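Written out below as structure tokens is the structure these notes cover.
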Amino acid sequence: MLEYLIICLVLCVMYYLYRDNKRIKNVSDKHVYITGCDSGFGNMLAKHLDQQGFHVLAACFTEKGAQELKNSTSSRLKTFQLDVVKSESINKAAEFVKSEVKEKGLWGLVNNAGISMPSGPNDWLTIDDHKVLLNVNLIGLIEVTLSVLPLIKRARGRIVNVASIFGRISGAGGSYCISKFGVEAFNDSLRRDMSTFGVKVLCIEPGFFKTTITNVDITAEHLKKLWIRLPQDVKEDYGADYLDKTLTKVKKWLEQLADPDLMKVVWCMDHALTSVHPRTRYSVGLGAKLFWIPLSYMPTAISDFVFNVDKVKPAKSIF
């Protein structure tokens, strides 16, 4: 009996690997629109897909980022500037995409653009701080998607939304985790809505990777700015040495956890766009698979303990 079970298990694994490795054909006829291509995942994905023969439509926030990407890729790749918090910019980009794809439609949209700051203890932040981050990471992502959704439906294509493992468990103050939870919810509802049209909607959930979002210097600079503007009574609640101790901890965490191999995420994005049978979700990195995602399913008491055990205690902490 055990032998039959093992044989069945082996056959199931073999079938899964066969199914997982099947790829679409004629990529040279397909267009992929990627946001946030100045650096990081978006930049690497744009170059990777260009090498495969896709027609890449790479949206960059800065003119410098667009020019540098254009200089390092083939003539198939087209760059343009996009500010995802401005409707005028999004609509202009959508018109450009439409003029490029014509009647074929748009095979892929990768919503990669995002920021992580301002983040910090919630009583350090204003409502405007929340709006800054939510407008980029969530509202902008939704508006970009809606702007080209008819083109994707026409091609029966793919939408790839970049969330985070912090879209599963909230590990920091501010709206970064809120925005990524929102991306997960939008991704799920959109996937169900679009399935009847033959459109696949996939979600990428990276763990900690070495990008501008996890850059130690940028994070420290933002936290210092938040601290400087705090009212004196809030500073007294936390203590004069709280910021320095926190920056030391943050630097240690990011240096230990941030994976420098960005291709792990790019390969998942590639699979989502090119696999005949893409996965619904891609949790990327061992930390995401073996620690953060399992932690998100554990009782609140356990996850709270994990987040608090090595946290810097404010001066007026009751614990």
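Small disclaimer: the values here were computed from a predicted structure and weren't measured.
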Are the side chain of [X] and the backbone N or O of [Y] linked by a donor-acceptor pair below 3.5 Å?
| X | Y | result |
| --- | --- | --- |
| T35 | A113 | yes |
| K22 | H277 | no |
| N308 | D304 | yes |
| N161 | N111 | no |
| D188 | A185 | no |
| S72 | E68 | yes |
| N137 | S179 | no |
| D38 | T62 | yes |
| N215 | I218 | yes |
| S275 | A272 | no |

Just wondering, more than 12 heavy atoms not from [X] lying within 6.0 Å of its [atom1]?
| X | atom1 | answer |
| --- | --- | --- |
| K224 | NZ | no |
| K245 | NZ | no |
| L286 | CG | no |
| F307 | CZ | yes |

Determine whether [X] and [Y] make a side-chain contact, defined as any pair of heavy atoms from C-beta on separated by less than 4.5 Å.
| X | Y | answer |
| --- | --- | --- |
| I127 | K131 | yes |
| Y242 | P314 | yes |
| T219 | T214 | no |

Roughly how far apart are [X] [atom1] and [Y] [atom2], rounded to 0.5 Å?
| X | Y | atom1 | atom2 | answer |
| --- | --- | --- | --- | --- |
| W253 | D310 | CH2 | CG | 5.5 Å |
| R192 | N187 | CZ | CG | 9.5 Å |
| N112 | C37 | CG | SG | 6.5 Å |
| L243 | I228 | CG | CD1 | 8.5 Å |
| S75 | K70 | OG | NZ | 10.0 Å |
| K289 | I165 | NZ | CD1 | 12.0 Å |

Notebook entry, point to check: Are E88 and K92 close enough, and set up right, to give a salt bridge (charged side-chain N to carboxylate O under 4.0 Å, His left out), and what steps lead you there?
Noted result: CA-CA 6 Å; E88 182 182 359; K92 184 178 178 181; over 6 Å; no

I'd like to know whether the aromatic ring centres of [X] and [Y] sit less than 6.0 Å apart in this structure.
| X | Y | value |
| --- | --- | --- |
| F54 | H31 | no |
| W107 | H55 | no |
| Y238 | W227 | no |

If Ile, Leu, Val, Met, Phe, Trp and Tyr residues are connected whenever their side-chain heavy atoms lie under 4.5 Å apart, and connections chain through other members, are [X] and [Y] in the same group?
| X | Y | result |
| --- | --- | --- |
| V56 | L273 | yes |
| L149 | I142 | yes |
| L49 | L151 | no |
| F61 | M44 | no |
| I152 | L82 | yes |

Taking atom types as modelled, is there a side-chain donor on [X] or [Y] under 3.5 Å from an acceptor on the other?
| X | Y | answer |
| --- | --- | --- |
| Q67 | N71 | yes |
| N26 | K30 | no |
| D50 | T73 | no |

Checklist line | Partner residues of F80 under the ring pair (Phe, Tyr, Trp, His ring centres under 6.0 Å) criterion, sequence neighbours left out | finding: Y33, F96

Margin query: Evaluate T280 against R191 for side chain to side chain contact (heavy atoms under 4.5 Å, CB included), listing each step before the verdict.
Written below: CA-CA 9 Å; T280 302; R191 184 182 67 251; 3.6 Å; yes

Next item on the list: Using the test salt bridge (Lys or Arg N to Asp or Glu O under 4.0 Å), find all partners of D128 that sit at least two apart in sequence or belong to another chain.
Entry: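 D128: no salt bridge (Lys or Arg N to Asp or Glu O under 4.0 Å) contacts found.
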
Check: Between R168, K180, R279, K264, which is the residue that forms a salt bridge (Lys or Arg N to Asp or Glu O under 4.0 Å) with E205?
Finding: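 Testing each of R168, K180, R279, K264 against E205, the sole residue satisfying salt bridge (Lys or Arg N to Asp or Glu O under 4.0 Å) is R168.
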
Next item on the list: Write out all pairs satisfying ring pair (Phe, Tyr, Trp, His ring centres under 6.0 Å) with one or both partners inside residues 135-177, taking only residues at least two apart or from two chains.
Entry: F166-F208, F166-W292

Check: Is the Lys NZ or Arg CZ of K153 less than 6.0 Å from the centre of F197's six-membered ring, within 45° of the axis?
Finding: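 The answer is yes, since K153 meets both limits relative to F197.
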
Next item on the list: Please step through side chain to side chain contact (heavy atoms under 4.5 Å, CB included) for the pair M269 and L202, ending with a clear verdict.
Entry: CA-CA 9 Å; M269 293 173 166; L202 306 320; over 6 Å; no

